[in-house]
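Working notes, beginning with the structure itself.
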Amino acid sequence: MLAGARLLVGVTGGIACYKSVDLCSRLRKAGAEVRVVMTESATRFVSPLTFQSISGNPVATDLFATPAQSAVEHIWLAEWASIAVVAPATADILGKLAHGIADDYLSTILLAFAGPALLVPAMNRMMYAHPAVQASMAALAGMGYDVMPAEYGHLAEGVSGWGRMPEPPAIVERLAGLAAEGRVPRPELPQPAPRDLDGVSVVITAGPTQEPIDPVRFITNPSSGKTGWALAEAARARGAAVTLVAGPVALPDPPGVRVVRVRTAQEMADAALAAYDGCDVAICAAAVSDFRPEAPAPEKIKKGEQDGLDLRLVRNPDILAAMGRRKGRRVLVGFAAEAGAGPEEAERKRASKGADLVVYNDVRRPGLGFGADDNAVVVVGAGGLREAIGPAPKREIAHRILDRVAALRRI
Ligand code: C5P
């Protein structure tokens, strides 16, 4: 599967460098064209001339050494390559790549390369075990890089441990597998967001609410707030002035967004309705508790001798319905998380609460919805509108919902 492949081989400075010479030789025998990029420290272990002879091509080391024929010539290798491998990959290159740092030839090319790439970490066992290095590897795997685990065995420092570079035949086999998958394991390049909400004031509710039973207990639900956050970030990117009224979630404030943190449904209603007055668009993505304990106990409830506990619950205000009653010219969007009912139930809610759109999702679908990064929804609107979106990342779904919001504002 490597026959005809244009292989970029990155070599960074570790004692395992010498194995990369054998790796290049095997890759050529497998029919690949090989071009090597070495870091400065790799050249201290093995001479570039060795790699030049074995690859049959000049070896690149210095970002500024070769006279450039065009302004972007230094990254032409990134365009040329069909697949890349970095072996050995030191803690340094892993950390740089995980954080988007490009301060030498190899790190620059790797950032500009959008094809499948295999990383083969090899280093001292303490370095390999360091949480920062492990975090870099996990982050890179999450971005779609193929990270080949180091092996256990004899290390240069004279002891055994995890950190050994796998043998070249195993690396060739893994690369062949990656090439055969025929996929580019990297995220889609983000599309620039349209500026169609420039200056528009948007209020978004997000996350769960907590309804206290006593000072240490409360009623809540597993909403993560991710949908509301994705909507806030997407609206901000499209030019909106966003107020995000959020129940208790573990997410940091999105940049450029005014965040009002609340706890109970009543606090959320107060904050959201206050912001609603001057807004153009409101989106209720929060999973609000419909009920709250009528009289939260002032002290922690003791179990004592009683074999049960009656808790009387009373209704919370319905924020979306309250907004619907005084909608004016605003665009109003709600959500309907259903466990069984179909989009017709979402349409019933839309009409009864006075919203323009209701975003329906089926909470029973595994891996989607509550707490997940992805979702699959149907946008329900007047005149029989039914637009199915996903399964897709919540960010993508947020933009598609905002496409609808922007279209409604133009009517
Ligand atoms: O009636 P149901 O709770 O299923 O409606 C869900 C929609 O109503 C969501 O948009 C949710 O944010 C909103 N809602 C609200 N206040 C409540 C209950 C629901 O804003 N008390």
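Read the numbers this way: they start at 1 and go in the same order the structure lists the ligands and their atoms.
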Side chain to side chain donor-acceptor pair (under 3.5 Å) between S289 and T209, intermediate numbers included: CA-CA 6 Å; S289 293; T209 62; 3.1 Å; yes
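- The contact shell of ligand 1, taken as protein residues with any non-hydrogen atom closer than 4.0 angstrom, comprises C284, A286, V288, D290, P317, D318, I319, L320, G334, F335, K349, K353.
- Ion pairing between a basic and an acidic side chain is recognised when a charged N comes within 4.0 Å of a carboxylate O; D403 and R238 show such pairing.
- Atom CD of E344 is separated from atom OH of Y360 by 7.5 Å, given to the nearest 0.5 angstrom.
- Both tests pass for R315 against the ring of F291: distance under 6.0 Å to the centre and angle within 45° of the axis.
- Partners of A337 by side-chain contact (heavy atoms from CB on, under 4.5 Å), not counting sequence neighbours, listed by chain and number: N361, V363.
- Atom SG of residue C24 and atom CZ of residue F51 lie 5.5 Å apart, to the nearest 0.5 angstrom.
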